[in-house]
Amino acid sequence: MSKKQDEFYFQSFIECAEASCKAAKLLKDTLTNFSQETISDRMEEMHKVEHAADEKKHAVIDKLSKAIIVPIEREDIVLLSDNIDEVTDRLEDVLIRLYMNYVVSIRQEAIPLMEVVIKCCEEMKELLKDFADFRHSKTLKKHIIQINEMEEEADRLFMSIMRELHEKEQNPLAIIAWREIYHYMEKCADACEHVADTVESVVMKNS
């Protein structure tokens with residue numbers, strides 16, 4: 001396979017990760033500048049980002065179905081594409097829960113967790129930039145470790161803010177709503193870790 005054809009897959013991974021980063025920044029901006037009046041517009045904007053990411057993933061699968069030789073195993077290309085797409089999907093899920101649960105104001109404890117999620121997405125993008133040269137990259141392992149550490153930080157924050165929610169919030173409906181929102185936010189970090197784990201597995205199989 002030509003180098004140009006190889007690059008299509010790796011560049012597509014990066015572009016899908018960039019969509020995740022865009023979705024994460026949109027979600028953070030929604031949280032920090034929250035307004036019930038604009039939540040529908042934000043959902044529409046988020047859906048456009050998610051749809052564009054889906055289109056990129058479908059393009060990869062379409063090309064893969066016609067390719068004779070591929071740079072890594074077909075199953076790994078499909079799995080990695082799905083895992084990157086899952087990050088964007090989970091970010092959209094958070095925004096959907098804000099809408100469905102009719103949140104009228106943002107709990108400030110959500111912001112630090114969102115900041116960790118953004119860092120996870122950015123680190124995932126850097127990881128995928130290195131992935132094309134995974135046989136020679138000296139920084140790939142560092143990105144994987146950092147994503148794992150960030151996911152652990154997200155877990156710690158999640159447990160802390162969930163405890164605070166149940167300790168201090170008196171409104172049972174608010175507890176139900178924010179418990180679900182926090183749960184989906186934590187899933188965003190998990191999804192980034194799944195991408196890192198998949199990349200690590202591919203590297204091990206091809207070393």
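All of these numbers come straight from a predicted model, not from anything done at the bench. Atoms considered below: every heavy atom in the structure, side chains included; atoms not considered: hydrogens, waters and symmetry mates.
- A side-chain donor from one of Glu123 and His143 sits under 3.5 Å from a side-chain acceptor of the other.
- One distance of note links CG of Asp82 with CD1 of Ile77; it measures 12.0 Å at 0.5 Å rounding.
- Taking the side chain as every heavy atom from C-beta outward, Val202 and Leu80 never approach each other to under 4.5 Å.
- Within the 4.5 Å cutoff, the side chain of Ile96 has heavy atoms near those of the Asp93 side chain.
- The shortest side-chain heavy-atom distance between Phe34 and Ser105 does not fall under the 4.5 Å cut-off.
- Pairing each heavy atom of Leu95 with each of Met46, the nearest pair is CD2-CB, 3.6 Å.
- Put simply, the side chain of Tyr9 reaches to within 4.5 Å of the side chain of Leu64, judged on heavy atoms.
- For the atom pair CD of Gln11 and CD1 of Ile14, the computed distance is 4.5 Å after rounding to the nearest 0.5 Å.
- Hydrophobic cluster membership is shared by Leu113 and Ile118, with clusters built from Ile, Leu, Val, Met, Phe, Trp and Tyr side chains linked at under 4.5 angstrom.
- Exactly one residue among Glu115, Glu122, Glu45, Glu18 makes a salt bridge (Lys or Arg N to Asp or Glu O under 4.0 Å) with Lys25. That residue is Glu122.
- With salt bridges taken as basic N to acidic carboxylate O contacts below 4.0 Å, one links Lys141 and Glu200.
- The nearest pair of heavy atoms linking Leu165 to Ala174 is CD1-O, 4.5 Å.
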Is there a side chain to side chain contact (heavy atoms under 4.5 Å, CB included) between Ile84 and Val87 once you walk through the steps? CA-CA 5 Å; Ile84 301 169; Val87 178; 5.6 Å; no
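- Between the side chain of Thr139 and the backbone N or O of Lys142, no donor-acceptor pair lies under 3.5 Å.
- Between Thr198 and Val195, the closest side-chain pair of non-hydrogen atoms is not below 4.5 Å.
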Using the rule given for salt bridge (Lys or Arg N to Asp or Glu O under 4.0 Å), can you reason through Glu126 versus Lys129, listing the C-alpha separation, both sets of side-chain angles and the distance that settles it, and then say yes or no? CA-CA 5 Å; Glu126 295 305 312; Lys129 285 181 178 179; 3.4 Å; yes
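- Using cut-offs of 30° and 60° for the angle between ring planes, the Trp178 and Tyr182 rings count as tilted.
- Cluster annotation: Ile145 and Leu127 are assigned to distinct hydrophobic clusters (Ile/Leu/Val/Met/Phe/Trp/Tyr, side-chain heavy-atom contacts under 4.5 Å, transitive).
- You'll find the side chain of Met43 stays beyond 4.5 Å of the side chain of His47, heavy atoms only.
- Of all heavy-atom pairs between Ile106 and Val103, the closest is CD1-CG1, 4.0 Å.
- Between atom CD1 of residue Ile144 and atom CZ of residue Phe131 there is a gap of 9.0 Å, rounded to the nearest 0.5 Å.
- Within the 3.5 Å criterion, the main-chain N or O of Val203 finds no donor-acceptor partner in the side chain of Arg135.
- Hydrophobic clustering keeps Phe13 apart from Val49 (ILVMFWY residues linked when any side-chain heavy atoms are closer than 4.5 Å, directly or through intermediates).
- If you chain together ILVMFWY residues whose side-chain heavy atoms come under 4.5 Å of each other, Met204 ends up in a group of its own.
- Two residues are said to be in side-chain contact when any heavy atoms from C-beta on lie closer than 4.5 Å; Val94 and Cys188 meet this criterion.
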Pair Lys205, Asp76 - check salt bridge (Lys or Arg N to Asp or Glu O under 4.0 Å), show working. CA-CA 10 Å; Lys205 285 196 289 185; Asp76 290 328; 2.8 Å; yes
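- More than 12 heavy-atom neighbours from other residues, nucleotides or ligands sit within 6.0 angstrom of NZ on Lys57.
- From Ile161, atom CD1 reaches atom NZ of Lys168 across 12.5 Å, with rounding to the nearest 0.5 Å.
- Atom NE2 of His183 is separated from atom CE of Met162 by 8.5 Å, given to the nearest 0.5 angstrom.
- Scanning all heavy atoms of the two residues, the minimum distance from Met150 to Cys120 falls at CB-SG, 3.4 Å.
- The aromatic rings of Phe10 and Phe134 sit tilted, their planes meeting at an angle between 30° and 60°.
- Put simply, the side chain of Ser201 never gets that close to the backbone of Asp197: no donor and acceptor are under 3.5 Å apart.
- Counting non-hydrogen atoms of neighbouring residues, nucleotides and ligands closer than 6.0 angstrom, the NZ atom of Lys125 exceeds 12 such neighbours.
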Step-by-step side chain to side chain contact (heavy atoms under 4.5 Å, CB included) determination, Met114 to Leu91: CA-CA 10 Å; Met114 189 64 234; Leu91 289 159; 4.0 Å; yes
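- For the side-chain contact (heavy atoms from CB on, under 4.5 Å) criterion with His58, the lone passing option out of Val60, Asp54, Asp62 is Asp54.
- With a 6.0 Å radius and a threshold of 12 heavy atoms from other residues, nucleotides or ligands, Glu167 has its CD atom above the threshold.
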Run the salt bridge (Lys or Arg N to Asp or Glu O under 4.0 Å) test on Asp29 and Arg42 for me, step by step, so that the C-alpha distance in whole Å, both residues' side-chain angles and the decisive distance to 0.1 Å come before the verdict. CA-CA 10 Å; Asp29 187 59; Arg42 293 301 182 108; 2.8 Å; yes
With side chain to side chain contact (heavy atoms under 4.5 Å, CB included) as the criterion, how do His166 and Arg179 come out once you've worked through the C-alpha distance, each side chain's angles and the decisive distance to 0.1 Å? CA-CA 9 Å; His166 288 92; Arg179 188 165 57 192; 3.3 Å; yes
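- Between Glu151 and Glu186, the shortest heavy-atom contact is OE2-OE2, 3.7 Å.
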Could you walk me through whether Asn101 and Ile176 pass side chain to side chain contact (heavy atoms under 4.5 Å, CB included), step by step? CA-CA 9 Å; Asn101 291 331; Ile176 293 170; over 6 Å; no
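- Inter-residue side-chain proximity for Arg107 and Glu169 is flagged as met; some heavy-atom pair is nearer than 4.5 Å.
- Both Ile111 and Val117 are assigned to one and the same hydrophobic cluster, defined by single-linkage of ILVMFWY side chains at heavy-atom distances under 4.5 Å.
- Note that CG of Leu128 is 9.0 Å distant from OG of Ser20, once rounded to the nearest 0.5 Å.
- Thr88 approaches Cys16 most closely through the heavy-atom pair OG1-O, 4.3 Å.
- Between His136 and Asp133, the side chains place a donor N or O and an acceptor N or O closer than 3.5 Å (distance only, hydrogens not considered).
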